[in-house]
S.K.: 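Got a structure for you, questions after.
Order of the sequence lines fixes the chain letters, A, B, ..., with proteins taken first and strands second; residue numbering starts at 1 for each chain.
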Protein chains: 2
Amino acid sequence: MEDVAKAAAVSTATVSRVLNSPELVAPETAARVQRAIQDLGYRPNVFAQGLMTRKSRLLGIALPDIHGEFYSELLRGADAEARRQGYHLLISSEARDDESGLIGSAAGFVAGVAVMLTEPNEALWKQIREASEPFVVIDSDIGAAGVDRVLVDNAIGTRDAVDHLLGSVKPERCYFVGGPRENFDTEQRARVFADTLSERGHRPDERHVRFGDYSVDWGHRCGGEILAAANGEPIGVLAGNDEIAFGVMLAAADRGLNVPGKVRIIGFDDTRLATLLRPGLTTVRVPMAQVGAAAIAALIARIDEPGRPASCTRLPTELVVRGTSAPAKP
Amino acid sequence: MEDVAKAAAVSTATVSRVLNSPELVAPETAARVQRAIQDLGYRPNVFAQGLMTRKSRLLGIALPDIHGEFYSELLRGADAEARRQGYHLLISSEARDDESGLIGSAAGFVAGVAVMLTEPNEALWKQIREASEPFVVIDSDIGAAGVDRVLVDNAIGTRDAVDHLLGSVKPERCYFVGGPRENFDTEQRARVFADTLSERGHRPDERHVRFGDYSVDWGHRCGGEILAAANGEPIGVLAGNDEIAFGVMLAAADRGLNVPGKVRIIGFDDTRLATLLRPGLTTVRVPMAQVGAAAIAALIARIDEPGRPASCTRLPTELVVRGTSAPAKP
DNA sequence: AGTGGCGATGTAAGCCTTTGCATACGTAGA
DNA sequence: TCTACGTATGCAAAGGCTTACATCGCCACT
């Protein structure tokens with residue numbers, strides 16, 4: 001920096017000002033300094049900057065698990081947005097509640113953290129609240145007040161999915177095969193499923209709303225039980241994610257039941273799998289990349305303006321009709 | 001830090017030493033300082049540290065594209081290893097060759113960068129070489145000399161796959177349906193495919209070794225052409241990745257050809273898709289998580305010991321036999 | 001008893017920026 | 001012509017840490 005200052009015949013203070021508040025410096029001087037910067041290939045030292053300003057252009061993102069395309073899509077959107085705004089993204093594959101987690105160990109050198117919480121986690125939640133950095137929460141409804149959040153609006157897609165099912169299946173024949181009971185998304189989807197069905201005249205009981213995990217295996221197993229109980233009458237299944245839906249397809253195949261003829265299946269997430277299957281899986285699209293981008297955008301907004309009121313972004317879900325659901329009645 | 005020093009009745013220098021070179025400090029003093037650190041919840045300022053030591057505990061990882069589980073698996077392994085060694089991981093979804101890429105923009109505050117290069121990219125390569133940080137290259141054979149590299153040993157898996165195919169298909173009936181011609185992996189796999197077949201008595205021509213892209217669609221299309229030319233005789237296909245393999249399965253299904261009866265198919269990568277398909281896809285497993293971990297390990301080794309000779313880690317691939325290939329002859 | 005050396009600790013310089021305050025100059029208004 | 005103010009720039013402190021060098025006991029040796 002000193003070299004630049006010398007080359008441009010100014011003080012280091014002016015060089016700094018050219019970089020940080022150009023409006024304070026005379027245009028000709030600024031131009032001269034810029035040239036010197038170019039010529040010497042000067043790049044400010046990030047550490048010194050951080051030391052002075054106590055800010056960094058680093059954002060953390062903590063996911064329950066970077067696994068599968070679901071999260072990679074989220075990461076993709078988040079990274080794109082961060083980059084667009086001149087930030088870098090630090091990842092943590094485990095939203096751990098101990099020191100080894102991002103929150104604990106990155107404390108102090110990230111400007112903020114986006115945390116994805118898919119299940120209640122008191123310890124982690126406490127740790128986040130006590131951290132000094134700004135943060136936003138992804139996909140979690142807890143700790144609602146005064147916290148920036150980015151959510152998936154499961155209601156829209158779920159409602160549409162149920163109505164789509166009801167186009168060709170009786171309400172009593174509709175099932176929801178969810179993921180883990182504690183999972184926020186599954187929980188919401190289950191509730192909206194039940195509510196929508198109730199509005200349409202049939203309150204489903206616990207045999208119609210099932211919880212397990214997000215695996216093909218669970219879908220296969222649960223699908224088998226449901227089909228066994230259905231006695232061949234056409235049924236509709238809304239799954240908690242695409243893998244479960246695929247499991248249900250497998251269960252139907254086991255019994256030689258045609259999909260969508262005898263069993264209409266709708267997945268959730270619209271992962272790659274949904275497009276690959278034959279017949280193509282009707283599913284509810286969840287815009288993960290947008291969720292990631294929105295989270296980063298919200299985080300940066302908070303960093304730039306700490307006093308702003310807490311935001312809550314809801315990204316819409318959307319039913320994507322493919323081959324595993326009967327077409328709506330004409 | 002000053003507070004800690006005061007609380008432990010030592011100087012800040014001693015506090016620093018306790019943290020960085022405990023062997024220089026008397027055990028009792030160290031204990032006293034540690035207590036003070038605990039009590040006051042002191043955490044060293046990363047920026048100040050970086051300013052002094054010109055080092056950071058940040059590692060960059062640049063991928064061609066963080067997309068799909070292939071890369072997310074890599075990232076997972078890399079992050080785990082980085083965390084284990086007390087580093088943080090900065091991601092870049094695009095290994096761009098301009099300023100906006102990780103290499104350009106993170107220059108100066110990462111201790112090193114792992115770059116994944118799946119195709120030749122002169123500009124990026126040049127940029128990397130000129131960067132001041134240490135770096136390791138993933139999956140790329142270029143710029144061989146003096147550079148740390150982590151590679152996938154495609155040979156083992158490809159050879160095994162070909163031999164597996166030859167267990168029930170004539171050499172003239174074996175095909176390779178690859179991804180992009182320039183892609184390092186596809187290129188290697190194609191070569192080993194051809195070599196192995198040659199050793200077994202049949203040099204394949206360009207009709208038997210095809211290039212396209214890594215998509216289901218290409219597999220479908222190319223598989224269709226191959227099957228059309230095969231006149232119903234049993235054939236074997238080694239695909240450049242699992243998606244292509246799936247495309248070929250689709251092509252077989254179009255023609256009502258049984259898999260593995262009439263068409264034996266082997267994929268590459270062992271992605272989730274391979275386990276989900278029915279029949280299960282025989283495929284060559286590529287240990288992506290290990291690749292990521294090895295890359296980070298190599299990077300840290302280089303950082304710790306800049307003078308060490310360049311390393312080259314080769315992770316083995318392994319044939320995983322499932323349902324789409326005929327069982328080997330008894 | 002005197003000295004050399006070693007282990008433990010303190011002192012203070014320096015790492016590179018940012019920024020509050022001071023300075024210098026020029027201009028407009030009185 | 002003088003004052004007052006605004007604009008462009010410089011000066012220097014501060015930010016938290018590491019580390020070379022200095023210091024100080026203390027023990028072992030001559």
S.K.: Could you check if a side-chain atom of I296(B) sits within less than 4.5 angstrom of a side-chain atom of D79(B), using non-hydrogen atoms only?
M.R.: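 No; the side chains remain at least 4.5 Å from each other.
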S.K.: Can you give me the first and the last nucleotide of DNA chain C (5' to 3') that has an atom within less than 4.0 angstrom of a non-hydrogen atom in chain A?
M.R.: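 The footprint of chain A covers dC16(C) to dG20(C).
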S.K.: List the residues meeting side-chain contact (heavy atoms from CB on, under 4.5 Å) with M1(A), not counting sequence neighbours, and say none if there are none.
M.R.: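 side-chain contact (heavy atoms from CB on, under 4.5 Å) list for M1(A), sorted by chain: T12(A), V15(A), S16(A), Y42(A).
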S.K.: For Y214(B) and T186(B), test the side chains for any donor-to-acceptor distance below 3.5 angstrom and give the result as yes or no.
M.R.: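 A pair is found: one side chain offers a donor N or O, the other an acceptor, under 3.5 Å apart.
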S.K.: Please list, chain by chain and in numerical order, all residues satisfying side-chain contact (heavy atoms from CB on, under 4.5 Å) with T118(B), sequence neighbours excluded.
M.R.: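 Counting only residues at least two positions away or on another chain, T118(B) forms a side-chain contact (heavy atoms from CB on, under 4.5 Å) with P64(B), Y71(B), M116(B), D139(B), N183(B).
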S.K.: Grab the two heavy atoms, one from A310(A) and one from V147(A), that are nearest each other, plus how far apart they are.
M.R.: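 It is CB-N, 3.6 Å.
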S.K.: With the side chain counted from C-beta on, respond yes when V136(A) and R302(A) share a heavy-atom pair under 4.5 Å apart, and no when they do not.
M.R.: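 Side chain of V136(A) against side chain of R302(A), heavy atoms only: no contact under 4.5 Å found.
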S.K.: Between protein and nucleotides 7-18 of chain D, map the contacts as a letter string: B base, S sugar-phosphate only, - none, heavy atoms under 4.0 Å, written 5' to 3'.
M.R.: -SBBB--BBBBB
S.K.: Looking only at the side chains, is there a donor atom on one of D148(A) and S311(A) sitting less than 3.5 Å from an acceptor on the other?
M.R.: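 Per modelled atom types, D148(A) and S311(A) side chains form a pair under 3.5 Å.
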S.K.: For the helix from dA1(C)-dT30(D) to dA30(C)-dT1(D), what angle lies between the axis at the first five pairs and the axis at the last five pairs, to 10 degrees?
M.R.: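 Answer for the end axes of this duplex: 50°.
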S.K.: Test side-chain contact (heavy atoms from CB on, under 4.5 Å) on F184(A) and L151(A) and set out the steps.
M.R.: CA-CA 10 Å; F184(A) 294 122; L151(A) 305 172; over 6 Å; no
S.K.: Quick check on side-chain contact (heavy atoms from CB on, under 4.5 Å): which of L90(A), V110(A), L75(A) does I61(A) satisfy it with?
M.R.: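 Exactly one candidate clears the test, L75(A).
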S.K.: Please list all pairs meeting side-chain hydrogen bond (donor to acceptor under 3.5 Å, both in side chains) that have one or both residues in residues 27-41 of chain A, counting only residues at least two apart or in different chains.
M.R.: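 As it turns out, the side-chain hydrogen bond (donor to acceptor under 3.5 Å, both in side chains) pairs with a partner in residues 27-41 of chain A, which skip direct neighbours, are R35(A)-D39(A).
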